[in-house]
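Below is one structure, written out as structure tokens; comments come after it.
Computed from a prediction, not measured in an experiment: that's the story for all the values here.
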Amino acid sequence: MKRKRKRCVLAVLLMFVLVLPGCGRKQEAPAAEASLFAMNTYMTFTAYGERAEEALDAARQQIQDVEALWSVTDENSEIYRANHSGGQTIQVSEETAAILSFALEMAEKTGGALDPTIYPVLEAWGFTTDQKQVPSDEEIASLLAYVGYSRISLEGTQLTVPEGMELDLGAVGKGYTADLVTETLAGYGVESAVISLGGNVQAIGSRPDGSDWRIGIREPWGEGNLGILEVSDAGVVTSGGYENYFEDGEGNIYWHILDPKTGHPANSGLQSVTIVSTAGKLCDALSTALFVMGADGAENYWRENGGFDMLLVTDDGEILITEGIAQQFTLGENREETEQS
């Protein structure tokens, strides 16, 4: 649904979650740092340990390997082959079957608020290209006929995508990858690290001085940080319309988080959703799904399922935060109060 811009965007940052310097005693120089452009985003890694450099080399290779399996545009990927199979069943790898199983499970648990088959509608809006546009209601209606996660068949490693439908793992891929990288680093003895996969932050252990990692949460549609969240051994993922949007000639803005039921940008009354959990894949999936659900739906889901904490920013500028992270969050100077769920 289109929406009038309420205020000007003062700055657009590359990453919406920033890792900030610690406030404890001075730390020793990082054992290893690395960066990588993959999954259409810029990724950074900092790890501590005797085998940290070796661990980061393995992590980068792992990311490139799974991207080759899951890319929706690479003709050699398993997802591309499934999408263009003409409805035929194909064999996929264990890695692809595992992430698909998770995505379909989350689609079911969220009542379709997260739907990995929304890709054709995203294409129509131009969010996957540089040609953003407002598709006609008729085009959206015709494409929604090909949206519906329950029609995807996955039996073991046998995947069937009905003709005309397309899978996209963008809403879970980076979070799932963060979990894989966490496991890889642990295998090399890394107990302290922070990785940012395009803003999906995964904190492994605490900082070398024992303090929490300090994560800056971006102010939606504004400049600077909403506040600082201090975490250890946790993923932090934020989703908001400001990440990828366009404006028409009448001042209406349209963002990339679509409601799978309508095919239009989710107009749920939320500006951003931040999810905190030990599982990066859960953070990634829920940051999108709860944005679609809105504040009431998000709160109901949290109370019924648990396993995560969240910070919501409403269209009115109100901040709602669950009790598990309330004491770990410090507001920025331009904010004065929070409401605890």
As an exercise, state the distance from [atom1] of [X] to [atom2] of [Y], rounded to the nearest 0.5 Å.
X: Ile275; Y: Asn200; atom1: CD1; atom2: CG; answer: 11.5 Å
X: Lys174; Y: Trp70; atom1: NZ; atom2: CH2; answer: 13.0 Å
X: Trp125; Y: Leu143; atom1: CH2; atom2: CG; answer: 11.5 Å
X: Asp115; Y: Met106; atom1: CG; atom2: CE; answer: 12.5 Å
X: Asp137; Y: Ser142; atom1: CG; atom2: OG; answer: 11.0 Å
X: Glu230; Y: Phe329; atom1: CD; atom2: CZ; answer: 11.0 Å

Has [X] got a side-chain atom pairing as donor or acceptor with [Y]'s backbone, closer than 3.5 angstrom?
X: Asn83; Y: Leu167; value: yes
X: Glu94; Y: Gly156; value: no
X: Asn252; Y: Asp248; value: no
X: Ser101; Y: Ala97; value: no
X: Asp168; Y: Tyr119; value: no
X: Asp309; Y: Val276; value: no
X: Ser239; Y: Val273; value: no
X: His256; Y: Phe127; value: no
X: Ser277; Y: Cys283; value: no
X: Glu299; Y: Asp296; value: no

Quick one: list whatever passes salt bridge (Lys or Arg N to Asp or Glu O under 4.0 Å) with Glu54, sequence neighbours left out.
Arg51
Residues forming a side-chain contact (heavy atoms from CB on, under 4.5 Å) with [X], sequence neighbours excluded:
X: Asp74; value: Ser71, Asn76, Ser77
X: Ser206; value: Ser232
X: Ala113; value: Thr110, Ala289, Val292, Met293
X: Ile204; value: Thr182, Leu185, Ala193

Close side-chain approach of [X] and [Y], heavy atoms under 4.5 Å:
X: Phe308; Y: Leu290; result: yes
X: Val236; Y: Trp213; result: no
X: Asp212; Y: Arg214; result: no
X: Pro265; Y: Leu258; result: yes
X: Phe45; Y: Leu36; result: yes
X: Lys109; Y: Tyr301; result: yes
X: Tyr242; Y: Arg218; result: yes

Can you name the side-chain hydrogen bond (donor to acceptor under 3.5 Å, both in side chains) partners of [X], sequence neighbours left out?
X: Thr157; answer: Gln91
X: Thr89; answer: Thr160
X: Glu78; answer: Ser93, Thr96
X: Ser192; answer: none

Co-membership, hydrophobic cluster, residues [X] and [Y], 4.5 Å side-chain:
X: Ile253; Y: Leu270; result: yes
X: Leu100; Y: Tyr146; result: yes
X: Tyr188; Y: Tyr48; result: no
X: Leu331; Y: Leu311; result: yes

Step by step, would you call Val147 with Thr117 a side-chain contact (heavy atoms from CB on, under 4.5 Å)?
CA-CA 5 Å; Val147 175; Thr117 66; 3.6 Å; yes
Looking only at heavy atoms, what is the nearest atom pair of [X] and [Y], with distance?
X: Leu169; Y: Ala103; result: CD2-CB, 4.2 Å
X: Gly263; Y: Val121; result: O-CG1, 3.5 Å
X: Ala178; Y: Leu197; result: N-CD1, 3.6 Å
X: Gln133; Y: Ala124; result: NE2-O, 3.2 Å
X: Ala171; Y: Leu114; result: CB-CD1, 3.4 Å
X: Met310; Y: Ile325; result: O-CD1, 3.9 Å

If we ignore angles and hydrogens, is there a donor and acceptor under 3.5 Å between the side chains of Asp209 and Ser211?
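There is such a pair (donor and acceptor under 3.5 Å, judged by atom type) between the side chains of Asp209 and Ser211.
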So for atom [atom1], which belongs to [X], do other residues, nucleotides or ligands contribute more than 12 heavy atoms lying within a distance under 6.0 Å?
X: Phe246; atom1: CZ; answer: yes
X: Asn40; atom1: CG; answer: no
X: Glu50; atom1: CD; answer: no
X: Glu163; atom1: CD; answer: no

Stepwise side-chain contact (heavy atoms from CB on, under 4.5 Å) test for Ile152 and Leu159:
CA-CA 8 Å; Ile152 301 297; Leu159 172 63; 3.8 Å; yes
What donor-acceptor contacts under 3.5 angstrom involve side-chain atoms of residues 57-68, with partners at least two apart or in another chain?
unit_1: Asp57; atom_1: OD1; unit_2: Arg60; atom_2: NH2; d: 2.5
unit_1: Gln61; atom_1: NE2; unit_2: Asp65; atom_2: OD1; d: 2.8
unit_1: Gln62; atom_1: OE1; unit_2: Thr184; atom_2: OG1; d: 2.7
unit_1: Gln62; atom_1: NE2; unit_2: Thr184; atom_2: OG1; d: 3.1
unit_1: Glu67; atom_1: OE2; unit_2: Met39; atom_2: N; d: 2.7

With sequence neighbours excluded, tell me which residues meet ring-ring contact (aromatic ring centres under 6.0 Å, His included) with Tyr149.
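ring-ring contact (aromatic ring centres under 6.0 Å, His included) list for Tyr149, sorted by chain: empty.
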With sequence neighbours left out, which residue pairs that include part of residues 267-293 fulfil the salt bridge (charged side-chain N to carboxylate O under 4.0 Å, His left out) condition?
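Listed once each, the pairs would be none.
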Step by step, work out the side-chain contact (heavy atoms from CB on, under 4.5 Å) result for Thr288 and Ile257.
CA-CA 7 Å; Thr288 299; Ile257 305 176; 4.2 Å; yes
